[in-house]
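Some notes on the structure that comes next.
Here the structure is a predicted model, which is why all the values come from computation and not from measurement. Sequence positions, counted from 1, serve as the residue numbers for this chain.
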Amino acid sequence: MTARTAKTFIDAAHDAALPDPEPLIALDDIQKPYPMDALPPVMRDAVCTYQQYGQQPPSLVACSALAAASLATQGLVNIARDRHLIGPVSLNIAVIAESGERKTSADRRMARAIRQWTEQYLADHAGEVKTAKGHIAAYEAERDGLLMKIKTASGGKDRGKLPDIAELKSMLEALDRNAPVEPIMPILFYEDNSPEALAQYIAAGWPSSSLWSDEGGLVIGGRGMGDDSMMRYLALLNRMWDGNPFERRRTTAKSFVIKGRRLTCSIMMQHVVLCRLLDASGGASRGLGFLARFLLAWPESTMGSRLYRDINIDDQEMLSWDRRLTELLSLPLPTDGENMALNPPVISLSDTAKREWIAFHDSVEKELGCLGEFGDVSDFAAKTAENASRLAGILWAFQYGATGEIDIKTMQAGAAIASWHLNEAKRILGATAVPQAVADAMLLIHWMQQTGRSEVSPRDILNKGVSRLRKKERRDAAAKLLLEKHHLFESHQSGGTTWKLHPQLAGGKHVEP
């Protein structure tokens with residue numbers, strides 16, 4: 001054994017003996033059981049089947065299923081709560097989950113049929129796209145030729161050999177009127193995009209798509225969520241949730257209009273990422289009502305109890321789920337014009353379902369005051385009744401398509417799921433209002449991860465660290481908490497004291513809550 005190999009072996013043995021990092025904060029309230037019975041049979045059976053195999057928290061798998069159903073149905077219908085309140089059924093869903101919770105595998109499996117449908121559609125229409133590109137190339141060449149002739153005629157050279165300018169312009173106008181266009185192909189998943197890029201893709205792309213990530217740091221911490229563009233990003237996503245048109249007019253960049261588009265947001269993130277979102281731009285995510293549009297969930301971890309199970313996850317239950325998603329995606333979208341602007345039919349609530357919705361709306365409204373049950377999450381509660389109707393619309397369209405009236409049972413199901421998420425918002429945001437030492441501890445770990453520091457000296461934090469931690473009192477309070485919770489380990493050497501990052505948190509991983 002070489003000296004290097006021996007050292008690696010000793011280091012690995014030392015790391016294995018370290019205690020695991022403990023949560024910096026904990027949720028005090030007990031999570032309510034997820035209302036699994038509210039899901040349609042096909043969806044419920046698929047969620048239960050996959051959860052038995054992956055053993056993720058049931059609510060995590062259910063949220064992935066609801067996001068997939070939202071993406072598959074949002075282009076097919078609008079929901080009417082009454083004759084004035086008519087809008088999309090699209091959902092925004094955010095799940096707080098620890099690293100190692102198997103969120104990626106659940107997310108991928110529940111949306112697998114959507115990705116497969118997209119791949120098949122692109123393969124089936126590849127010839128059509130190729131032909132269109134050929135026609136576009138020929139059109140552009142012919143157009144360039146006409147422009148050159150107009151330029152030549154305008155300059156007086158060889159004028160007698162060319163039609164007059166009026167005739168050339170008429171030919172150009174006729175050519176432009178019949179300009180070929182490339183067919184719009186489905187791109188249903190976006191992730192790491194700036195607000196400008198995302199807006200352009202949505203405006204020109206497939207009319208029903210999603211902002212979808214099983215690693216929320218790519219969205220919240222990516223280019224789209226930088227300090228300079230945060231407000232534009234949040235405003236764009238708010239507009240998409242509301243279903244309102246969005247117009248961008250620029251003198252130095254391409255202008256465009258977003259109209260007749262639907263967007264589902266499905267984001268899974270660690271708690272530290274949620275904290276960064278809440279803190280960014282002076283709390284803009286709540287001030288603008290962005291986060292309040294989301295159905296939040298922080299599932300209780302199942303790690304440590306997931307003994308292997310040999311279960312066939314491609315049995316009838318999962319195949320029925322895949323088949324239904326494929327059927328919905330294969331339905332022709334109700335669109336107008338070459339830009340495929342959506343114009344979905346409206347499904348309404350039956351009389352009994354409307355009375356149920358009104359009762360739910362009023363029961364939540366009564367608790368919005370500062371002394372009410374939801375006074376501390378009034379922004380979320382104010383959106384809950386609308387989310388309940390959106391959920392009912394998705395559950396109905398998933399089962400029956402864009403026909404009929406939503407019955408009371410489906411409305412009750414939508415209200416049950418929306419109510420569960422409202423209680424989750426209260427539970428999560430109560431835990432997120434952390435003391436300064438906890439927030440500073442999270443910031444210190446994030447700084448070490450982002451700068452690639454596996455260990456750091458106290459002096460380096462004061463001299464090179466984040467500005468908020470360049471005060472000895474705040475640095476020491478954060479370090480004390482991290483040492484107590486085994487996120488950092490202290491070492492005393494000839495050069496002085498150093499704090500070493502726990503190996504589980506190194507390599508760019510986020511610190512868990």
Side-chain angles (χ1 to χ4, degrees), residues 67 70-92 114 118 121 125 129 132 136 176-191 193-212 219 224 229 231-266 288-290 293-294 328-329 331-348 383 386-387 389-390 393-394 397 402:
S70 173
L71 179 52
T73 60
Q74 65 182 357
L76 301 175
V77 296
N78 281 340
I79 178 71
R81 289 162 278 166
D82 63 21
R83 63 182 179 275
H84 305 295
L85 301 174
I86 301 172
V89 297
S90 308
L91 297 179
N92 287 358
I114 300 177
T118 304
Y121 189 101
H125 293 79
V129 172
I136 291 171
D176 284 344
R177 279 197 300 271
N178 297 291
V181 294
E182 187 173 335
I184 298 175
M185 293 290 107
I187 297 177
L188 302 187
F189 297 95
Y190 300 107
E191 187 172 27
N193 302 105
S194 69
E196 291 78 14
L198 181 61
Q200 289 185 44
Y201 293 149
I202 293 172
W206 197 255
S208 173
S209 59
S210 68
L211 178 63
W212 194 292
V219 178
S229 56
M231 302 295 281
R232 295 195 305 277
Y233 206 112
L234 301 187
L236 169 63
L237 296 182
N238 280 355
R239 286 286 186 90
M240 294 305 303
W241 188 85
D242 294 337
N244 294 328
F246 177 82
E247 182 175 357
R248 193 189 79 167
R249 296 293 178 189
R250 295 287 189 273
T251 56
T252 59
K254 185 177 181 179
S255 299
F256 57 84
V257 177
I258 295 176
K259 185 177 181 181
R261 294 296 189 264
R262 295 291 182 265
L263 185 75
T264 290
C265 288
S266 177
L288 293 175
F290 167 75
R293 289 166 165 80
F294 277 79
L328 291 166
L329 291 166
L331 292 174
L333 289 173
T335 61
D336 296 327
E338 292 180 348
N339 196 41
M340 293 183 69
L342 285 168
N343 185 21
V346 177
I347 55 174
S348 302
K383 302 290 186 185
E386 180 169 355
N387 268 321
S389 67
R390 289 174 180 239
I394 288 170

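The CD1 atom of Ile394 sits 8.0 Å away from atom CD of Gln74, with the distance rounded to the nearest 0.5 Å. Atom CG of Leu71 is separated from atom CG of Leu211 by 11.5 Å, given to the nearest 0.5 angstrom. Atom SG of Cys265 and atom CH2 of Trp241 lie 11.0 Å apart (nearest 0.5 Å). Rounded to the nearest 0.5 angstrom, Leu198 CG and Met240 CE are separated by 8.0 Å.
No more than 12 heavy atoms of other residues, nucleotides or ligands shown are found within 6.0 angstrom of CD1 on Ile187.
In this structure Asn244 satisfies the side-chain hydrogen bond (donor to acceptor under 3.5 Å, both in side chains) test with no other residue, sequence neighbours excluded. Considering only residues two or more places apart in sequence or on other chains, Ser209 meets the side-chain hydrogen bond (donor to acceptor under 3.5 Å, both in side chains) condition with none of them.
A salt bridge is absent between Arg293 and Glu386; no separation between the charged side-chain nitrogens and carboxylate oxygens falls under 4.0 Å.
Thr264 and Ser210 share no side-chain donor-acceptor pair at under 3.5 Å.
Ring geometry for Tyr201 against Tyr190 counts as parallel: the plane angle stays under 30°, on a 0 to 90° scale with 60° as the upper cut.
Checked by atom type and distance alone, the side chain of Asn238 pairs as donor or acceptor with a backbone atom of Leu288 at under 3.5 Å. Side-chain atoms of Arg262 never come within 3.5 Å of backbone atoms of Gly75 as a donor-acceptor pair (strictly under, hydrogens ignored).
Trp206 does not carry Arg261 over the face of its six-membered ring by the limits of under 6.0 Å from the centre and within 45° of the normal.
The shortest side-chain heavy-atom distance between Ile79 and Val346 does not fall under the 4.5 Å cut-off.
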